Every structure is written in structure tokens, then in C-alpha cells.
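Within every chain, numbering begins at 1; the chains are lettered A, B, ... in the order of the sequence lines, protein sequences first and strands thereafter. Bear in mind the structure is a predicted one, so any value in this text is a computation, not a measurement.
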Amino acid sequence: MTTYILRRLIQVVPTMLGIFTVLFILAYLMPSDPLRAVLGEQYRRLPPEVVEGIREELGLNDSFGERYVTFLGQMARGDLGRSYILEQDVADIIAYRFPRTLQLMAGGLFVALIIGIPAGIIAAEKQYTWIDHALMVLSLLGVSIPIFWLALLAQLTLTQSRYGIALFPVAGYEDGNLSHLILPALVLGTNLSATLARVTRSAMLEVRGQDFIVTAHAKGLARRVVLLRHQLRNALIPIITIVGLDIGYLLGGSVVTETIFNWPGLGRAVVPAIERRDTPVIIGILVFGAFLFVIINLITDLVYALVNPRIRYQ
Amino acid sequence: MLRYVSRMLVLILVASLVLAVPLAAQDEGYVLRYPISPDPEHLNPFTATTIAIGTVMRNIYENLLGLDAPTGEFYPQLAESWEISDDQLTYTFNLRQGVLFHDTGAVEFADGDREFKSSDWVCAAQHSVTEDETQSAHPEWLESVVGYEEFLAGEAEAIAGIEAPDDYTLSITLTTPNRLFLTTLGVPGIPCEAIEQLGEDLGTNPVGTGPFQFVEWQRDNFVQLDANPDYYEEGKPTLAGVRFINVPDANTALLQYRENQLDFLFGFPTGQRLAIMEEFDAEYNEIPGLNVRYFGFKMDQGFFAENPLVRQAFSHAFNRELVWDELMEGARFPATLGYLPPSMPASTPANIYEYNPERAAELLVEAGFPNGEGLPEFSLWVFSSAADELSLPVLQEDLRQLGVTLNIELEDATTYWDHIGEDDVLMFLSGWSAGLEDPSDVFNFLFLEARDDTAYDNPEVNDLLRQAMSEYDEAARNELYQQAHDLITADAPWIVSAYSKVSWLQKDWLENFNPGGGGTYTARLADVIVNSDMLPE
């Protein structure tokens with residue numbers, strides 16, 4: 001197991017280096033400069049010498065080689081740099097936003113798990129009955145409905161005294177106030193639970209036909225024990241894969257949810273940074289996200305090994 | 001486990017019911033909930049360039065004089081009174097006594113209460129004059145002051161034209177008369193200690209003298225300001241504070257406004273304008289704005305540079321009324337006059353390009369392209385903007401009727417602003433927001449020596465605009481602007497599309513919210529009054 005972990009850890013290094021390089025090249029190739037981006041049509045108000053001066057100050061006039069070497073040096077020191085536009089260090093931006101994104105991720109994942117897995121198990125157990133069909137149609141809907149529409153629908157029905165019951169605040173974030181988290185978590189989680197339900201169903205069905213399940217039933221084990229301890233446990237590998245991917249999706253894919261619900265997360269920092277060509281912020285957050293993704297993949301692999309001993313011994 | 005989860009869910013639901021009750025009346029006064037989008041980039045007055053920053057900062061920092069947006073008149077802020085010498089070169093300011101800096105804890109003062117003095121202003125003035133653009137992006141503040149160049153070059157210890165004979169007097173000498181000196185004089189009242197102690201953190205710890213003081217900023221969430229208890233103006237502000245709430249989505253803002261979670265609505269979701277005006281009839285307000293939308297032609301090279309009659313024909317061909325009155329539900333005024341917002345002096349030029357397809361066809365014949373024969377295909381470069389979306393197909397169709405093929409080339413906004421200056425772009429969408437009801441705020445940035453991306457450069461116009469800058473007699477000045485405007489419209493470097501409206505919803509318990517045409521952000525929040533009888537229970 002230790003060698004397995006070590007081997008996987010060493011693989012992280014070339015992966016990250018590849019990510020650094022690709023990100024840097026993409027950022028370098030991005031056209032135009034941050035000042036025009038942030039000012040739009042009003043950039044003409046700034047005297048041309050200020051625009052040129054800021055380009056020089058930010059090192060935007062340096063060559064590709066110079067900028068790449070500076071960048072790798074910074075990354076090696078763990079220095080993510082400072083935003084061109086926000087007068088804030090990128091590390092501070094991440095430190096402020098990541099815990100908030102994490103809350104949303106955890107909320108969304110929680111909802112996805114408590115809806116998706118039971119739905120999948122029930123659908124598999126009641127295969128080809130109306131319950132199964134109903135659940136699968138619902139999950140097809142869940143996958144197909146765009147998240148902004150679901151969010152809007154949730155806002156209209158659950159926050160407006162005019163249209164329904166004003167159960168939740170429309171949007172916003174408040175430290176330690178869970179009521180703001182419920183709607184965005186529901187919206188994110190519902191969307192994810194659909195895929196999860198389908199994967200759980202097919203994995204459960206695949207395991208159900210196998211000999212050890214027949215044996216377990218033959219031993220006279222209670223149905224619940226067979227279902228949860230034997231069948232579910234053996235169906236977990238594809239489920240864990242999907243959950244791991246979902247976490248990655250939540251990390252980047254919650255931009256829309258964050259915007260609609262005024263949630264100050266990482267996604268809301270990346271999009272304006274791209275619009276404003278604020279390269280240090282774009283690279284910093286993407287590097288951080290990529291690193292997190294690599295770590296989550298690592299953990300997913302370790303959990304595989306934990307769940308399925310055969311993987312450990314390969 | 002399941003029971004535990006369901007119990008938790010019920011608990012959360014109940015908790016949310018309790019917490020979701022909208023806040024309205026509080027015993028300690030009213031905190032204004034002001035939507036803002038985008039979030040301010042930072043709160044550093046020396047590098048501030050965007051409206052979002054200005055919206056928050058104008059409540060925290062004050063200048064020597066304030067500019068009242070609705071009237072365009074100066075009013076005393078840090079300077080109680082001021083005199084301008086007859087030669088228009090020396091400005092003397094008598095500073096208000098007993099003005100205290102905000103006590104936010106971000107800056108350490110040697111002794112408790114810290115009073116604003118002339119030396120603070122000199123500190124800030126010097127900080128603003130630098131080659132380092134990340135320290136200050138505003139050379140225009142003091143460019144016309146004696147000794148500016150020497151100080152910038154590091155040859156002088158101080159700016160020679162700025163003198164502080166005592167703690168409450170400032171005198172500033174200019175090299176040449178500058179009619180707009182007071183307007184551009186943006187040096188903030190900030191303590192020397194803040195500049196010395198805060199360094200890079202100046203942008204997150206504002207300390208000023210304004211009616212509101214900084215409390216907390218959660219980025220992309222809210223900026224909280226509280227009333228300044230020591231504010232010098234008697235009885236102001238009446239609000240307990242202001243919370244600038246960042247709401248990036250227009251639909252969300254509407255829903256929050258409807259639920260009394262916001263006090264204003266500044267942007268209306270596309271296509272819902274009339275419905276909103278109907279629903280919130282009594283809460284709807286509008287005044288003419290100072291923004292102009294236009295389609296520009298490249299004037300220094302390419303097809304349009306050589307074919308003025310085609311430019312004029314296109315201006316006559318565009319049905320602005322259809323776009324702005326009908327399709328856009330009155331979001332802006334169709335541009336039926338000239339190149340200036342209609343509330344400015346000299347805004348009606350001799351040449352008016354009203355919608356007239358027949359005249360357009362005649363002009364094309366005159367230009368030698370009857371029914372568009374012999375014309376190349378044109379590309380119109382645009383950026384994605386909900387505000388202009390519907391004007392594009394209308395222009396395209398209007399030109400098709402003339403026999404002209406126009407292709408729309410959409411670009412991401414950032415790429416676009418860089419691209420339209422290039423030679424391959426012959427026609428593009430753009431706009432301009434003036435901050436003052438003064439033609440100079442449009443002409444000087446767009447038509448003086450090819451500042452605009454049209455590269456329009458007419459020596460006669462340049463002369464008139466320069467003369468107007470040093471003309472102190474208003475009538476004579478407006479006459480100069482009128483002549484310039486006539487020359488520009490005759491050249492037709494733009495198809496003018498629309499003039500903006502500043503429109504917003506405000507809750508009916510708020511009074512005295514008076515913005516100017518520059519935008520809702522120009523209103524002085526210190527003046528806003530809450531009528532507590534009107535507050536919901």
C-alpha cells in the first residue's frame with residue numbers, strides 16, 4: 001500500500017508541471033491587455049502614457065521566455081503573484097474564496113448523495129416496475145435541465161411571497177447562516193444526483209446477478225444486509241469514480257450557481273479575471289484547482305484500493 | 001441514520017424560515033441596501049478608474065470641492081470656500097476646520113482624533129504624481145500645476161505650485177488657465193499616515209473624511225459602511241449605514257428587490273422592462289443620461305474614409321426609433337439629434353440624420369453606387385452586449401434594403417476593445433459615457449486629435465475644441481462647441497444609435513435620492529432620508 005501511495009504521489013509532479021506549462025501558454029496567447037478589458041469603452045479616459053506605463057510595470061512587454069522562467073520560479077516558491085486589477089494577492093483571493101466554494105461543494109454533494117444513491121438502489125431493486133421507470137425519467141430530466149433554469153425556478157417558487165412561499169432568501173452569503181446554502185446546494189445537488197442515480201442503478205444490477213450474491217441469499221442473510229453490505233459495497237467502484245468527477249465538476253462548474261445566488265466562491269473570481277485578462281488570478285486559481293483535482297483523483301484511487309483489495313495488490 | 005437526517009432537514013428548514021425574514025426597520029436607524037455590480041475591484045482612490053470603485057469610494061473620501069451631479073455646480077467639501085485669481089491661474093482654498101478622519105483602526109494616529117489639515121492634502125497630491133502607474137493612475141489631476149514636471153522627474157522635493165501657508169489654507173498655481181481644473185482635481189482627503197503605513201493595503205483599508213466610514217468588505221458579497229459619527233455637516237447622514245450588496249445577476253436583483261431585500265434596482269433584465277415598469281409603477285424613476293451609443297467608421301484609411309456620402313447614407317438608413325422605442329421597450333432614447341447627449345449645450349447640430357430611406361438611396365446614387373451596386377461587402381465588429389443586441393439585425397436589414405451587405409462579426413469584449421483600433425476594422429459598435437453635462441467631456445476624448453477608434457482628425461475641429469478649453473465665457477464657448485458639432489456631423493464619422501436613460505426603481509420609503517445624468521452612482525447617499533411611516537412592518 002505504501003509503495004502504491006508513493007508511486008501515485010510521484011506522478012503528481014510531472015502532471016503539475018504539464019499543467020503549469022499549458023496554462024502559461026494559454027494565458028500568454030490570450031489577446032489584449034487588462035486595462036482595456038476592465039475599462040471597456042471608457043479606457044479612452046486614461047492618458048495613453050498611463051496605459052503603456054502599466055503594461056511595462058506588470059511585465060507585459062517582456063518576452064515569452066522571460067515571463068515563462070519568472071512564472072516557473074514563482075510556482076516553485078509557491079508564490080501565486082498579485083492581481084493586476086484587484087490590488088490583492090492571489091493566495092489571499094483563494095484563501096478567502098475556497099472555504100466558501102467548499103461549503104457549496106459539500107452541500108451539493110450531500111444533496112446529490114442522499115438523493116442519487118438511494119434512488120439508484122431502489123430503481124435497481126424494482127427493476128422494470130413503474131417505480132424504476134419513474135425514477136429513471138426523473139433522472140433523465142435532472143441531467144437535461146440546465147442549471148440556471150433550475151436555479152431560477154427554485155428562486156421563483158421558494159423565495160417569492162408573490163408566487164409561492166418565501167421559505168429561503170433569494171440569494172446571498174452569510175457566514176454561518178445555513179439558510180443561504182440550502183437553495184444553491186439543492187440546485188447543484190439535484191443536477192448531480194441524476195447521473196449518480198443512473199450509475200448506481202446499473203452498477204447494482206451488474207452485481208446482483210453474480211454468484212456471491214446468490215450465495216449470500218442462500219446463507220439466509222437478511223435482504224437489507226445483502227443489499228447494503230454485499231451488493232452496494234461491490235457496486236461502489238463506478239459510484240466513487242462518478243463522485244470524484246463530480247467534485248471536480250463542482251469546483252469549476254458551480255460558476256453559474258455562484259452567480260445566480262451571489263455566492264462569493266472561486267468560480268466568481270475566475271470568470272471576471274478571464275474577462276479582464278487578469279492573468280495571475282486566472283493562473284493562480286486554475287493551478288490551485290488543478291492541484292486539488294489531482295489530489296482528489298489520488299484520494300479516489302486510494303479509496304478504490306480500500307474498497308477493492310484486488311487493486312492494492314496489482 | 002435516516003431519521004437523524006430528516007430531523008436535521010426539518011431543523012434547517014425551520015431555522016431558514018426564521019432567518020429569511022427580510023430586514024427592514026431597525027431600532028438603530030436604517031442601513032441602505034444598495035445593489036452593486038460588478039464588485040469594486042479595490043478601494044484605492046489613487047488607482048481608481050471604474051464606476052464600481054467610485055460608487056463606494058465617493059461616500060468615504062472627499063475632495064476639496066464636490067460636484068453636485070443633478071445641477072453640475074460645485075459645493076464645499078473639505079474646502080469651505082475658494083477664490084480664483086483674475087488671470088485664472090491661482091486657486092486659493094480655505095479649508096474647513098475640525099474635520100476628523102475616520103477612526104477605523106486601520107491607521108495608527110499619534111494622538112486619538114486626527115484632524116484633516118492642508119499638509120494631508122499636500123501628501124496626497126505628491127503621492128498622486130509618480131511614474132509608477134500602479135501607485136497612481138491619475139496624472140490629469142495636477143498636470144497643469146506649476147512644478148508638476150519637475151516633481152515627476154524627481155528633480156524637486158515638492159510641487160512648486162502647491163503651497164500650504166497654514167493648516168487651513170491651500171494655494172495652487174497653474175501654468176496655463178484650465179477651465180476644467182476643479183472638475184478634474186480628484187486628490188482625496190486622506191491622512192499622510194495612511195499613505196505611509198498601508199502601502200499595498202491602501203486599496204482594502206480606506207480612511208477618509210466622508211459621511212460614511214469603512215467597516216467591512218467581503219469581496220463579491222458586500223461592502224459595509226457605517227455613518228461617520230463625527231461628520232461635519234449637521235444632521236447628516238440620516239442613514240445608519242450603507243451596505244453595497246454585490247448582485248451579479250439582474251434577475252436575482254429583481255427577485256431580491258421584490259422581496260424587500262434590496263432598496264434599489266438599477267438594471268432591468270432584458271425583455272422585462274415594460275413589465276417591471278407596470279408592476280412597480282410608483283417606484284420607477286428616470287432621467288436623461290449622458291451615454292451615447294454609436295457605430296463608428298474608420299476615418300483615416302479604407303473604404304469609408306474615401307466615401308463620405310456612403311457614411312451619410314448609412315446614417316439616414318438606420319431606423320433607430322424601431323430599435324429603441326419598440327424592440328428595446330424604451331430602454332434608451334433613439335438618437336434623433338447629433339453626437340452629444342441631448343441634455344448638453346450645443347446638442348442640436350445643423351446636420352440631423354433622421355431615418356429617411358429615400359434620402360439614403362439618393363445619397364448612394366450620388367456616391368456612384370445606385371442600389372448598392374459596386375459596393376463591397378462590409379463587416380460590422382461588435383462585442384456581446386445585451387443592450388445593443390437588437391440594434392444589429394435592424395441596421396443589417398435597413399442596409400439590405402439599400403442593396404448593401406453587412407456582416408456582423410461578434411467578438412469577446414476584451415479582444416474587441418483591442419481589435420477595433422486595428423486597420424482591418426472599418427466599422428464597429430462603441431459608446432461613450434460623459435461624466436459632466438459639458439460637450440468637452442465627449443469631444444475632447446473622442447474627436448480631439450483622433451482619440452476615438454474612428455481616428456477622426458479634423459484640424460478645424462481640433463482648433464475649435466482647443467479654443468473652447470480656454471474660453472471662460474459660457475455663451476461664446478457653447479458657440480465654439482456648436483461650430484465643432486456642425487463640422488463633425490457633416491463629416492459623419494458615426495451612425496449615432498441612442499442616448500441613454502438613467503432609470504431605476506427605489507422603495508417608496510426613500511426620499512432625496514438624486515442622481516445626475518452620469519448614472520445612479522452620482523447620487524449623494526448622505527442626503528437620502530428614510531420616511532419611517534412608509535416602512536413595511
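If you take CD1 on B:Ile36 and CD1 on B:Ile51, they are separated by 10.0 Å, rounding to the nearest 0.5 Å. Annotation: the span from A:Thr257 atom OG1 to A:Arg268 atom CZ amounts to 11.5 Å, rounded to 0.5 Å. In this structure, the separation between NZ on A:Lys126 and CD1 on A:Ile121 is 13.0 Å, given to the nearest 0.5 Å.
Annotation: maximal heavy-atom pairing with chain A below 4.5 Å, among B:Ser430, B:Pro38, B:Gly431, occurs at B:Gly431. Comparing B:Glu200, B:Arg451, B:Glu131, B:Glu143 by heavy-atom pairs within less than 4.5 Å of chain A, the highest count is held by B:Glu200. Of all the listed residues (B:Asp452, B:Asp39, B:Ile420), the one sharing the greatest number of non-hydrogen pairs under 4.5 Å with chain A is B:Asp452. When A:Gln155, A:Glu275, A:Gln88 are compared by the number of non-hydrogen pairs under 4.5 Å with chain B, A:Gln88 comes out ahead. In terms of heavy-atom pairs under 4.5 Å with chain A, the best-connected choice from B:Phe222, B:Phe383, B:Phe445 is B:Phe445. When B:Asn44, B:Leu43, B:Thr50, B:Asp249 are compared by the number of non-hydrogen pairs under 4.5 Å with chain A, B:Asn44 comes out ahead.
Panel note: side chain B:His138, backbone B:Glu140; no donor-acceptor pair is recorded below 3.5 Å. No donor-acceptor pair closer than 3.5 Å links the side chain of A:Arg82 to the backbone N or O of A:Val281.
Only the side chain of B:Asp412 comes within contact range of chain A, with heavy atoms under 4.5 Å apart. Looking at A:Ile93, neither its backbone nor its side chain comes within 4.5 Å of chain B, counting heavy atoms on both sides. When heavy atoms are compared at a cutoff of 4.5 Å, A:Tyr173 approaches chain B by way of both its backbone and its side chain. Only the side chain of B:Leu446 comes within contact range of chain A, with heavy atoms under 4.5 Å apart. In this structure, chain A has heavy atoms under 4.5 Å from both the backbone and the side chain of B:Gln218. Within the 4.5 angstrom heavy-atom criterion, atoms from both the backbone and the side chain of B:Ala137 approach chain A. Only the side chain of B:Glu279 comes within contact range of chain A, judged by heavy atoms closer than 4.5 Å. Heavy atoms of B:Asn246 lying under 4.5 Å from chain A belong to its backbone as well as its side chain.
Relative ring orientation between B:Tyr294 and B:Phe428 is described as perpendicular, the plane-to-plane angle rising above 60° on a 0-90° scale split at 30° and 60°. Under the 30°/60° scheme for interplanar angles, the aromatic rings of B:Trp381 and B:His419 are found to stand perpendicular.
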Quiz item: B:Thr47 and B:Thr134: side-chain contact (heavy atoms from CB on, under 4.5 Å), yes or no, with the steps?
Solution: CA-CA 7 Å; B:Thr47 50; B:Thr134 55; 5.7 Å; no

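Aromatic pair B:Tyr339/B:Trp432: centroids not less than 6.0 angstrom apart.
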